[in-house]
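These numbers come from a predicted model, not from an experiment. Nothing fancy with the numbering, it's 1 onward along the sequence.
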Amino acid sequence: MLQGTPVTYPVLKKRCIKANAGVFYHKISPLRYILISLYTIAPSMANYKRMSKDVIKKADVLLEVVDARFPDETRNSEIERDIARAKKPFIIVLNKCDLVSKDKLEKIKSRLAKIAPTVFVSSKDRSGTTILRHKILETANKKGGEILVGSLGYPNTGKSSVINAVTGRHRAGTSSISGHTKGVQHINAGSRIKFIDTPGVIPFGENDEHIQGMLAVKDATHLQDTIGVAMTIIKKICAENKTVLESFYHIAIEGQDSYEVLELIGRQSNFLKKKAEVDETRAAVKIINDWQKGLLMV
């Protein structure tokens, strides 16, 4: 029942009930539904956990790929604990560094380097990939033979894109849609390095839709609270660098709260309903799409 093309939540509910699987259905959390709907072949959360542990066991060194715009939110404490228990070395890879200012990157790197070796890269322009390759060889500390590198992290942090940037060619499948990687893949990167690419591993029990929107686990068409997610994005950017919003949307922010900024953007974008009221839903969808496409640099 769990295999096949993506299905909607109501359809999934009906199928579970028809299959006399009421107990199983009631155990499906919002996150579990996301995984089922995003993957054509949808292993259970338990299977993902086993898969990640298997990768950790086989790899000589692990990469935890995180989004440089919000590294703390995209670190996976469950995975890090498993790596520590296995006593395997790992590298924190700050991907999408082209979307973050250099000063902020250096501060993040300095802080995370206390936890594990940290490298920032941009799979878009391949910056930092040579440094990452050297860091892999250094961290693995393996003389001769093949070095297996496990790639783990959230969906849509760009794990496959990082692999392609390091190898210099399109070897791992990529997509802007979360969950594009369907199963474990082995990619030969040359110079003794072989990557183990995996689907995104989401922290177990994670069900915060705002975080899922920020991480692009769910796009705007699959979010229930688009306005709330957009306000979360606005709040984060205003706290770090409000000029990003001002210059991108051609607005002036002078102490307004996140909802008022949302309305400013909607009005400036001419998203109006009858009686010149702002269509806040259209404005929210635009902000979410701009954020997920990497158009808003923090």
Side-chain angles (χ1 to χ4, degrees), residues 35 39 41 43-68 71 74-96 112-113 115-121 123 128-175 178-204 206 215:
L35 286 173
Y39 296 102
I41 299 175
S44 68
M45 185 64 83
N47 286 342
Y48 273 92
K49 193 169 183 178
R50 286 194 294 271
M51 184 186 295
S52 65
K53 286 188 175 182
D54 187 54
V55 170
I56 292 169
K57 182 179 179 180
K58 291 178 179 177
D60 297 304
V61 60
L62 284 305
L63 302 185
E64 182 180 24
V65 182
V66 303
D67 192 314
T74 50
R75 283 177 56 206
N76 190 312
S77 58
E78 180 88 14
I79 291 299
E80 290 182 8
R81 285 194 294 270
D82 287 343
I83 293 172
R85 291 190 195 104
K87 297 181 179 180
K88 292 291 182 76
F90 80 102
I91 300 167
I92 297 174
V93 181
L94 294 166
N95 192 25
K96 305 182 183 181
L112 294 183
I115 300 167
T118 304
V119 178
F120 49 81
V121 304
S123 53
T129 53
T130 300
I131 295 174
L132 177 57
R133 182 181 282 272
H134 289 314
K135 185 62 70 175
I136 289 169
L137 294 170
E138 175 189 322
T139 305
N141 193 27
K142 183 179 179 180
K143 294 182 179 179
E146 200 169 61
I147 297 174
L148 278 179
V149 183
S151 173
L152 297 168
Y154 274 94
N156 236 31
T157 49
K159 299 180 302 300
S160 296
S161 297
V162 167
I163 292 172
N164 288 330
V166 172
T167 59
R169 62 188 68 185
H170 191 85
R171 294 188 177 183
T174 61
S175 171
S178 171
H180 180 75
T181 304
K182 299 297 191 298
V184 176
Q185 304 178 70
H186 286 223
I187 298 105
N188 192 343
S191 300
R192 300 171 56 209
I193 297 173
K194 178 175 279 188
F195 283 100
I196 309 171
D197 190 24
T198 63
V201 180
I202 304 177
F204 314 109
E206 177 64 78
L215 300 180

Would you check if Ile115 and Phe90 make a side-chain contact, meaning some heavy-atom pair closer than 4.5 Å? yes
Nearest heavy-atom approach of Gly128 to Val121 is O-CG1, 3.5 Å
### Message
Any non-hydrogen side-chain atom of Ile91 less than 4.5 Å from a side-chain atom of Thr139?
### Response
yes
Applied to residues 53-67, the side chain to side chain donor-acceptor pair (under 3.5 Å) test, sequence neighbours excluded, yields Asp54-Lys58, Asp60-Lys142, Asp67-Arg69
In this structure, CD1 of Ile187 is separated from CG of Asn164 (nearest 0.5 Å) by 7.5 Å
| query | When you measure from the side chain of Ser77 to the backbone N and O of Arg75, does any donor-acceptor pair fall under 3.5 Å? | reply | no
Quick note, salt bridge (charged side-chain N to carboxylate O under 4.0 Å, His left out) partners involving residues 84-93, not counting sequence neighbours, are Asp82-Arg85
Output for pair (Ile193 CD1, Ile163 CD1), nearest 0.5 Å, gives 11.5 Å
Student check: side-chain heavy atoms of Ile196 and Ser151 closer than 4.5 Å: no
The residue among Leu63, Val119, Leu62, Val66 that forms side-chain contact (heavy atoms from CB on, under 4.5 Å) with Ile92 is Val66
| request: May I ask you to decide whether Glu146 forms a salt bridge with Lys194, counting only side-chain N to carboxylate O separations under 4.0 Å? | output: yes
Checklist entry - Side chains of Phe120 and Thr118: does their closest heavy-atom pair fall under 4.5 Å? => result no
Interatomic distance, CG@Leu148 vs CZ@Arg192, rounded to 0.5 Å, equals 11.5 Å
Listing, residues 129-137 side-chain donor-acceptor contacts under 3.5 Å, not counting sequence neighbours, or none:
| from | atom 1 | to | atom 2 | distance (Å) |
| --- | --- | --- | --- | --- |
| Thr129 | OG1 | Arg126 | O | 2.8 |
| Arg133 | NH1 | Gly190 | O | 3.3 |
| Arg133 | NH2 | Val166 | O | 3.0 |
| Arg133 | NH2 | Ala189 | O | 3.1 |

Check: Got Val65 and Leu152 here, is their nearest side-chain heavy-atom distance under 4.5 Å?
Finding: no
When every non-hydrogen atom of Gly150 is compared with those of Ala59, the smallest separation belongs to N-CB, 3.6 Å
